[in-house]
Novice: 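A single structure is presented below for examination.
Throughout, protein chains are lettered first and strands after them, A, B, ... in sequence-line order, and every chain is numbered starting at 1.
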Protein chains: 2
Amino acid sequence: MTDKEPLAFTRHNHSHCVSDALQAAVAICTERGARLTAIRQQVLELIWQSHKPLGAYALLDQLAEKSTKPVAPPTVYRALDFLLEQKLIHRIAAINAFIGCPHPDHNHASHFFLCDDCGRAEEIHSKSVSNSIKKAATEAGFAVQSQSLEVFGLCPDCRTQDGHDS
Amino acid sequence: MTDKEPLAFTRHNHSHCVSDALQAAVAICTERGARLTAIRQQVLELIWQSHKPLGAYALLDQLAEKSTKPVAPPTVYRALDFLLEQKLIHRIAAINAFIGCPHPDHNHASHFFLCDDCGRAEEIHSKSVSNSIKKAATEAGFAVQSQSLEVFGLCPDCRTQDGHDS
DNA sequence: ACAAAGATAGTTATATTATAACATATTCGT
DNA sequence: ACGAATATGTTATAATATAACTATCTTTGT
C-alpha cells in the first residue's frame with residue numbers, strides 16, 4: 001500500500017478506499033492472529049461505505065436489513081469494540097459515531113476535520129499538530145495515553161456550495 | 001481578574017477557583033443580559049466543586065439531595081445548555097461530562113488534559129497547539145467553527161504515585 | 001477424531017445519557 | 001398591572017451502550 005493523501009473532501013474513486021481498507025484489515029488481522037469474522041468484516045464494510053461517520057444503531061439497521069435473523073445491539077458493539085481495538089476504525093466521541101481508519105498499519109492519534117454540512121470526516125495528519133500536543137504534554141508533565149481532536153466546521157466543498165452526498 | 005496558570009494538577013486553594021468562577025459568571029451574565037438563575041448557579045457551583053468533570057446525572061443526584069422537590073433531567077440539561085452557551089463550562093465528549101471553564105471571558109477552543117487515574121481535567125492553553133490546528137485547517141481549506149481536543153493519560157501526580165481526590 | 005478450553009455470537013434485559021412536548025410559574029418591558 | 005418572553009416543572013420517551021447468561025463455533029492438545 002502506498003502513502004495516501006487525505007481525500008474525504010476530494011472527488012475520488014471510493015471503491016479504492018473500500019478495497020484498500022479491507023485488504024489492510026485482512027493483512028493486519030492475519031499478522032496479529034486476530035479474527036476478522038464475517039460480522040466484523042460486514043461492519044467494517046458498512047463503515048467504509050462513505051466518509052461519513054456512522055452511529056452504532058445506523059449500522060445495526062443496515063446489518064438487520066441484510067440479515068434474516070434479528071440483530072441486537074451487542075452484536076454491533078462487539079464488532080465495533082474489536083475494530084477499535086485493532087485500530088481499524090476511530091470513534092468520533094462528539095457525535096457518537098464511527099469512521100474507518102485509512103492507515104491502520106501505523107499507530108496514530110485520532111485527529112479529524114468534520115463537516116457540519118455534508119457530514120464527511122477527514123483524518124488530519126499534521127506533524128505540527130501532533131508535535132505541539134506532545135510538547136504541551138511534556139511541559140505539563142502529562143503522560144499521554146490517547147487523544148482525540150475533533151474539529152468541526154465546513155469542508156472546502158460546503159464553504160462555497162450546498163451540501164451533498166457521499 | 002488576573003491571568004491564571006493552569007492548576008488543576010497542582011496543589012492550590014480551590015476556594016479561589018470557585019469564587020473566581022462565580023464572580024466571572026455573574027459579571028459575564030450581567031454584561032450580556034443573560035440570567036444566571038438559582039438553578040444555573042447551583043449547577044455551576046457543583047461543577048466547580050472539583051477539577052473533575054461531572055456527568056449530568058451525577059449533578060442531578062447532587063441537586064436532588066439539596067432540594068425538597070424531585071429534580072428531573074431536563075432541569076439539569078437546561079442549566080448545562082445555558083452554561084455551555086455562555087461558555088462558562090465545557091463538555092468533555094469522550095466521557096459525557098462537564099467541567100468549569102477557568103477563563104470564560106475570552107473565546108477559546110476546548111483543549112484538555114484528562115487524567116485516567118485521578119479523573120482531573122486541566123485546560124490546555126497552547127498557542128502552538130491552537131496555531132498548528134489553525135494552520136492545518138487553512139491548508140485543508142477547512143473553515144473551523146468549533147473544536148475539541150481531549151488528551152487522556154496520567155497527570156504529573158499520578159505518574160509517580162497512586163490516585164487521590166479533589 | 002475427539003474432548004476441553006477459549007473465543008465468538010445470540011438473546012434478553014437493563015443501564016446510561018439526552019430530549020420532546022406540554023403545563024405552570026416567573027421575570028421583564030411597557 | 002398587563003402581556004410577552006423566558007424559565008422551570010412534569011411526564012414520557014428517544015438514543016446510546018452494556019450486563020449477564022446461553023449457545024455455537026474454533027482452536028488446540030492428545
Novice: Does A/Phe152 form a side-chain contact (heavy atoms from CB on, under 4.5 Å) with A/Phe113? I'd like the steps, not just the answer.
Specialist: CA-CA 6 Å; A/Phe152 289 85; A/Phe113 289 127; over 6 Å; no

Novice: Does B/Asn96 put a side-chain nitrogen or oxygen below 4.0 Å from OP1 or OP2 of C/dT16?
Specialist: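 Answer no for this pair, as no side-chain N or O of B/Asn96 is under 4.0 Å from OP1 or OP2.
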
Novice: In whole Å, I'd like the distance from the CG atom of B/Leu54 to the P atom of C/dA18.
Specialist: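 Checked: the CG to P distance equals 13 Å.
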
Novice: Using atom CG of A/Leu60 as one end and atom P of C/dT11 as the other, report the distance to the nearest whole Å.
Specialist: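 Interatomic distance, CG of A/Leu60 to P of C/dT11: 13 Å.
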
Novice: Can you list, pair by pair, the side-chain donor-acceptor contacts under 3.5 Å of residues 87-99 of chain A, counting residues two or more places apart and other chains?
Specialist:
from: A/His90; atom 1: NE2; to: A/His108; atom 2: NE2; distance (Å): 3.0
from: A/His90; atom 1: NE2; to: A/Glu123; atom 2: OE2; distance (Å): 3.1
from: A/Arg91; atom 1: NH2; to: A/Asn96; atom 2: OD1; distance (Å): 3.0

Novice: Would you grab the first and last nucleotide of DNA chain D (5' to 3') that comes under 4.0 Å of any non-hydrogen atom in chain B?
Specialist: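 Under 4.0 Å from chain B, the extent on DNA chain D is D/dT6 to D/dT11.
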
Novice: Fit a plane to each ring of A/Phe142 and B/Phe9, take the angle between them on a 0 to 90° scale, and name the class: parallel (under 30°), tilted (30 to 60°) or perpendicular (over 60°).
Specialist: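 Geometry flag for B/Phe9 against A/Phe142: parallel rings.
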
Novice: Indicate whether OP1 or OP2 belonging to C/dA18 is found under 4.0 Å from a side-chain N or O atom of B/Tyr77.
Specialist: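 Yes, within the criterion.
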
Novice: So, does A/His16 use its side chain to make a donor-acceptor pair with the main chain of A/His14 at under 3.5 Å?
Specialist: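 No; judged by distance alone, with no hydrogens or angles, the pair does not exist.
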
Novice: Taking protein heavy atoms under 4.0 Å as touching, what does nucleotides 3-10 of chain C look like 5' to 3' if B marks base contact, S marks sugar-phosphate-only contact and - marks none?
Specialist: ----SSBB

Novice: With a 6.0 Å cut-off on ring centres, are B/His106 and B/His125 close enough?
Specialist: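 Aromatic pair excluded; centres sit 6.0 Å or further apart.
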
Novice: Under 3.5 Å, side chain of B/Gln49 to main-chain N/O of B/Leu46, donor-acceptor pair present?
Specialist: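 Flag set: sc B/Gln49 to bb B/Leu46 pair under 3.5 Å.
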
Novice: Counting distance only, does the side-chain N/O of B/Ser67 pair as donor-acceptor with the main-chain N or O of B/Ala64 below 3.5 Å?
Specialist: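 No, the answer is negative, given that no donor and acceptor are paired below the 3.5 Å cut-off.
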
Novice: Is the backbone N or O of B/Pro73 less than 3.5 Å from a side-chain atom of B/Arg78, with the two atoms forming a donor-acceptor pair by type?
Specialist: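 Checked: no pair found.
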
